[in-house]
Each structure stands twice: as C-alpha cells, then as structure tokens.
Amino acid sequence: MSTPSPPRRRKPRADAERNRARVLAAARALFTARGQDVQMPEVARAAGVGIGTVYRHFPSRAALIEAAGEARHDDIVEFGRTVCVPCPDAADGLARYIGYIGEVLASDRGLTASIEATLGSARPEGAAAERTEAIAAELIARARTQGTIRPDVEVADLSMIVCGLAAIIRNGTGDWRRYLDISLAGLRDVSAGPLDAAPGAAVPRPSGGPRDGATSGERHQAAT
C-alpha cells in the first residue's frame with residue numbers, strides 16, 4: 001500500500017503580497033517608460049517572477065493597468081495625507097498637493113496614455129475618487145478656516161484645475177507650472193468677491209456690443 005503524499009504547503013500570504021507588489025512596481029515602471037508597448041511577459045521578467053504569478057494576481061493586461069493607476073492614486077492620496085495636511089499654512093499644503101499631482105502626471109505620461117487607451121479615462125473612479133476628494137476637501141476646509149483661500153472654493157474647483165493640468169501635460173500645449181501658479185493665485189485671492197456666474201449662465205457682453213435679444217438688423221448695425 002502506497003504512502004499518501006504529504007499535503008503541499010501553501011506559500012505564506014506575506015510572500016504572495018510581496019510578489020504582487022513587485023509585479024505592480026515593475027508594471028508601473030515599464031508602462032511609464034514605454035507606454036502601451038509593454039506586454040505581460042516583460043512585466044514578469046522585470047519583476048523576477050513567472051508569468052503564472054503575474055496572471056494569478058492580475059488576470060488580464062487591462063486589470064494590471066487598472067491596478068497601476070489605482071496605485072498611483074493611492075500614492076497621491078498618501079502624499080496629501082502625510083505631507084500636505086500637516087502643513088501649518090493650509091494654502092501652502094493645498095498648493096503642494098496640486099503641484100505633486102502635476103509632477104506625477106508629467107513623469108508618468110506613458111502610464112497615463114496606457115490607462116486612457118485601456119480604460120477610456122485616467123481619472124480616478126469609485127473608492128479611489130472618494131479618497132482623492134476627501135483629501136482635497138480636508139485641505140480646502142483647513143485653508144478656508146485660516147482665511148488663506150477664497151471662501152467659495154470647492155472640491156469641484158480643484159477638479160477643474162487638475163483636469164486642465166492633465167490636459168496641458170498630456171497635449172504639451174503650454175507650461176503646466178505657469179498654469180498652476182496662475183490658478184493657485186486665483187484661489188488665494190481672498191479679497192475677490194464670490195463668483196456668481198452659474199454653469200450655463202450668460203456672459204455679459206462688452207459695452208457697446210449688441211444687446212441680448214436684439215433683432216438681426218440691430219446686430220448688423222452694431223457690427224457695422
């Protein structure tokens with residue numbers, strides 16, 4: 001009668017977590033450097049693991065890219081929590097937070113392109129978006145309490161600034177640091193009155209221009 005083989009010992013969970021972290025770090029570095037050309041076997045070689053280990057943690061290339069994007073968002077949130085929130089000057093903490101986002105996006109263009117091509121957007125979603133917005137809300141609340149930013153600044157305003165920042169970096173249409181400096185100056189302008197124009201509201205015309213509701217003839221006369 002044959003002796004039954006002893007049960008195979010499962011690898012410790014800590015070992016599996018280390019392998020996952022190595023795969024994710026290798027993927028982020030490769031996608032950042034080379035963009036969408038990176039394939040799963042290359043990630044496995046760079047991480048020093050077998051291809052089966054990669055697929056065990058990330059069942060598809062899309063899942064790996066999505067995880068790389070989430071890890072990047074987590075790094076941004078951690079920077080906000082540990083570096084920006086403790087700043088004595090809350091407005092300075094807010095500026096450092098947005099500036100860090102710009103630095104990350106500028107250095108990770110290949111990863112951003114891969115995320116957008118695979119998922120359709122590089123913006124955080126779900127729990128990642130909630131964590132990002134929570135840090136932004138805390139930074140804004142502290143700065144408003146200190147009176148160092150406009151009292152009407154909201155999280156949506158920061159989102160617009162970051163979207164503009166991302167577009168400038170992605171398309172190379174200007175100096176993103178200058179754009180950021182101008183945007184931050186606007187946030188710090190505590191003497192300015194509230195912004196009354198709601199989305200879709202009519203923008204006042206320059207004096208001397210045709211009146212709203214003017215007839216086509218009146219518009220022609222004003223134009224000539």
Side-chain angles (χ1 to χ4, degrees), residues 14 17-18 20-25 27-29 31-32 65-116 119 121-170 174-195 199:
E17 289 299 322
R18 282 194 296 270
R20 185 184 188 279
R22 289 168 63 184
V23 170
L24 196 53
R28 290 180 66 180
F31 282 114
T32 294
I65 291 174
E66 182 177 11
E70 290 176 352
R72 183 170 72 176
H73 291 312
D74 288 343
D75 288 347
I76 291 172
V77 170
E78 184 65 15
F79 181 85
R81 179 182 299 111
T82 60
V83 176
C84 303
V85 170
C87 283
D89 183 337
D92 181 59
L94 184 60
R96 295 183 69 178
Y97 180 66
I98 306 176
Y100 182 74
I101 294 175
E103 295 290 351
V104 169
L105 294 177
S107 63
D108 286 2
R109 295 181 189 183
L111 176 57
T112 299
S114 300
I115 295 171
E116 290 178 340
L119 305 178
S121 172
R123 295 184 64 178
E125 302 289 345
E130 292 176 2
R131 291 193 295 271
T132 302
E133 291 174 1
I135 288 295
E138 183 173 357
L139 290 168
I140 289 172
R142 292 183 67 246
R144 289 173 63 175
T145 299
Q146 291 182 2
T148 51
I149 63 171
R150 297 172 57 101
D152 57 347
V153 173
E154 300 176 350
V155 172
D157 299 318
L158 257 63
S159 296
M160 286 191 293
I161 292 174
V162 171
C163 285
L165 192 66
I168 291 170
I169 292 171
R170 179 176 61 251
D175 183 347
W176 68 265
R177 290 182 177 85
R178 178 173 174 79
Y179 163 83
L180 183 56
D181 287 343
I182 293 171
S183 299
L184 292 173
L187 295 183
R188 288 178 180 267
D189 188 5
V190 296
S191 64
L195 298 174

Stepwise, does the side chain to side chain contact (heavy atoms under 4.5 Å, CB included) test hold for L105 with R72? CA-CA 10 Å; L105 294 177; R72 183 170 72 176; 4.1 Å; yes
Under 3.5 Å, side-chain donor or acceptor atoms of residues 78-88 against the rest of the protein: list the pairs with distances, not counting sequence neighbours.
from, atom 1, to, atom 2, distance (Å)
E78, OE1, R81, NH1, 3.0
T82, OG1, E78, O, 2.8

Closest approach of [X] to [Y] (non-hydrogen atoms, all atoms of both residues):
| X | Y | result |
| --- | --- | --- |
| A71 | L24 | CB-CD2, 3.9 Å |
| F31 | I65 | CZ-CG1, 3.6 Å |
| A143 | A91 | CB-N, 4.0 Å |
| Y100 | I76 | CE2-CA, 3.9 Å |
| L165 | Y179 | N-CE2, 3.5 Å |
| I115 | G69 | CD1-CA, 3.6 Å |

Which value, rounded to the nearest 0.5 Å, describes the distance between [X] atom [atom1] and [Y] atom [atom2]?
| X | Y | atom1 | atom2 | result |
| --- | --- | --- | --- | --- |
| I135 | L158 | CD1 | CG | 12.0 Å |
| I169 | W176 | CD1 | CH2 | 5.5 Å |
| D75 | E70 | CG | CD | 12.0 Å |

Is there a donor-acceptor pair under 3.5 Å between the side chain of R144 and the backbone N or O of P151?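 Yes, R144 side chain to P151 backbone: donor-acceptor pair under 3.5 Å.
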Suppose the criterion is salt bridge (charged side-chain N to carboxylate O under 4.0 Å, His left out): which pairs have a residue in residues 88-97, not counting sequence neighbours?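 Sorted result for residues 88-97: empty, none.
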Going by side chain to side chain donor-acceptor pair (under 3.5 Å), name the pairs with one or both residues in residues 121-137, residues two or more places apart or in two chains.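 For residues 121-137: D74-R131.
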Quick check: do L184 and I98 have side-chain heavy atoms less than 4.5 Å from each other?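 Result yes, sub-4.5 Å side-chain heavy-atom pair found.
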Evaluate the side-chain proximity of I161 to L187: yes if any heavy-atom separation is below 4.5 Å, no if none is. yes
Apply side chain to side chain contact (heavy atoms under 4.5 Å, CB included) to the pair D152 and D157, showing each step before the final yes or no. CA-CA 9 Å; D152 57 347; D157 299 318; over 6 Å; no
Checking side chain to side chain contact (heavy atoms under 4.5 Å, CB included) for the pair E154/I140: CA distance, chi angles, key distance, verdict? CA-CA 7 Å; E154 300 176 350; I140 289 172; 5.7 Å; no
